[in-house]
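Order of listing sets the numbers, starting from 1, for every ligand and every atom in it. When reading the values below, keep in mind they use all heavy atoms of this one structure, side chains included, and skip hydrogens, waters and symmetry mates.
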Amino acid sequence: MSDNCIFCKIASKRIPVEPLYEDENFIAFHDMNPQAPVHALVIPKTHFETIMELDDEALMVGAFRAVQATAKALNLTEEGFRTVINCRENGGQTVYHLHFHILGGRFMQWPPG
Ligand code: 5GP
Ligand code: ZN
């Protein structure tokens with residue numbers, strides 16, 4: 001847990017959110033500044049600054065399970081969706097607690113900006 005981390009506060013329920021999905025190690029909730037009709041974030045409850053610090057294989061598998069379960073809960077699996085992990089400055093990361101974006105409800109352009 002990092003005292004100044006907004007996502008640690010969400011993970012520990014000090015800041016309440018409506019969970020879209022939750023298990024022992026992950027919680028998913030709506031992004032407060034959605035970039036698509038559906039924009040959710042899946043975060044580990046443990047603080048990792050970026051994807052590069054995630055070294056626990058059970059959590060790596062769990063992250064994919066949590067993304068799958070969240071996409072299912074949001075009914076995105078038939079039309080499809082995009083999962084994004086931004087890493088540090090060039091990746092456009094603004095919150096330094098690992099998170100998986102799930103974007104859906106519209107066609108996603110490629111390449112990303
Ligand atoms: P990043 O740019 O780091 O990949 O994404 C951070 C995301 O977290 C942004 O899409 C931003 O809107 C979202 N965000 C930041 N603070 C909060 C918050 O307190 N609550 C929620 N629900 N989303 C947040
Ligand atoms: Zn954190």
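Residue-ligand proximity, N33 to ligand 1, at heavy-atom distances under 4.0 Å covers atoms 12 (O). Listed by atom number, the atoms of ligand 1 under 4.0 Å from H101 heavy atoms are 1 (P), 4 (O), 5 (O), 7 (C), 10 (O). The distance from ligand 1 to the heavy atoms of Q93 drops below 4.0 Å at these ligand atoms: 3 (O). Heavy-atom proximity to F29, at under 4.0 Å, picks out these atoms of ligand 1: 21 (C), 22 (N). Listed by number with element, the atoms of ligand 1 under 4.0 angstrom from any heavy atom of L41 are 8 (O), 13 (C), 23 (N). For ligand 1, the atoms closer than 4.0 angstrom to any heavy atom of T94 are 1 (P), 2 (O), 3 (O), 5 (O), 6 (C).
Clustering ILVMFWY residues whenever any of their side-chain heavy atoms sit less than 4.5 angstrom apart, transitively, puts I85 in a cluster other than the one holding Y21. L59 and F64 fall into different hydrophobic clusters, where Ile, Leu, Val, Met, Phe, Trp and Tyr residues are linked whenever their side-chain heavy atoms come under 4.5 Å apart, directly or through other members.
Residue I10 has no N or O atom closer than 3.5 Å to an N or O atom of ligand 1. By the 3.5 Å distance cut-off applied to N or O atoms, F7 is not counted among the residues near ligand 1.
Summary: ND1 is the N/O/S atom of H47 found nearest to the Zn ion (ligand 2). Restricting H97 to its N/O/S atoms, the shortest distance to the Zn ion (ligand 2) is reached by ND1.
Looking at R88 and E53, a side-chain N of the basic residue comes within less than 4.0 Å of a carboxylate O on the acidic one, giving a salt bridge. A salt bridge is absent between K45 and E24: the closest approach of a Lys/Arg side-chain nitrogen to an acidic carboxylate oxygen does not fall below 4.0 angstrom. Using a 4.0 Å cut-off between charged nitrogen and carboxylate oxygen, K72 and E78 do not count as a salt-bridge pair.
Closest protein heavy atom to atom 23 (N) of ligand 1: M32 N, 3.3 Å. Looking only at heavy atoms of the protein, atom 5 (O) of ligand 1 is closest to H99 NE2, 3.0 Å. Counting protein heavy atoms only, atom 22 (N) of ligand 1 is closest to H30 O, 2.9 Å. Given atom 19 (O) of ligand 1, the protein heavy atom at minimum distance is I6 CG1, 3.5 Å. Among protein heavy atoms, atom 7 (C) of ligand 1 sits closest to D31 OD2, 3.4 Å.
For Q109 (side chain) and F107 (main-chain N/O), no donor-acceptor pair under 3.5 Å exists by modelled atom type. For E22 (side chain) and P19 (main-chain N/O), no donor-acceptor pair under 3.5 Å exists by modelled atom type.
Under the 3.5 Å distance criterion, with hydrogens and angles disregarded, no donor-acceptor pair is assigned to the side chains of H39 and H30.
The part of N86 lying near ligand 1 is the side chain, judged by heavy-atom distances below 4.0 Å.
Every heavy atom of Y96 sits 4.0 Å or more from the atoms of ligand 1.
Using cut-offs of 30° and 60° on the angle between ring planes, the pair H47 and H97 is perpendicular.
Scanning both residues, L20 and A40, for their nearest heavy atoms gives CD1-CB, 3.7 Å.
Looking at heavy atoms from C-beta onward, F7 lies in side-chain contact with F29 at the 4.5 angstrom threshold.
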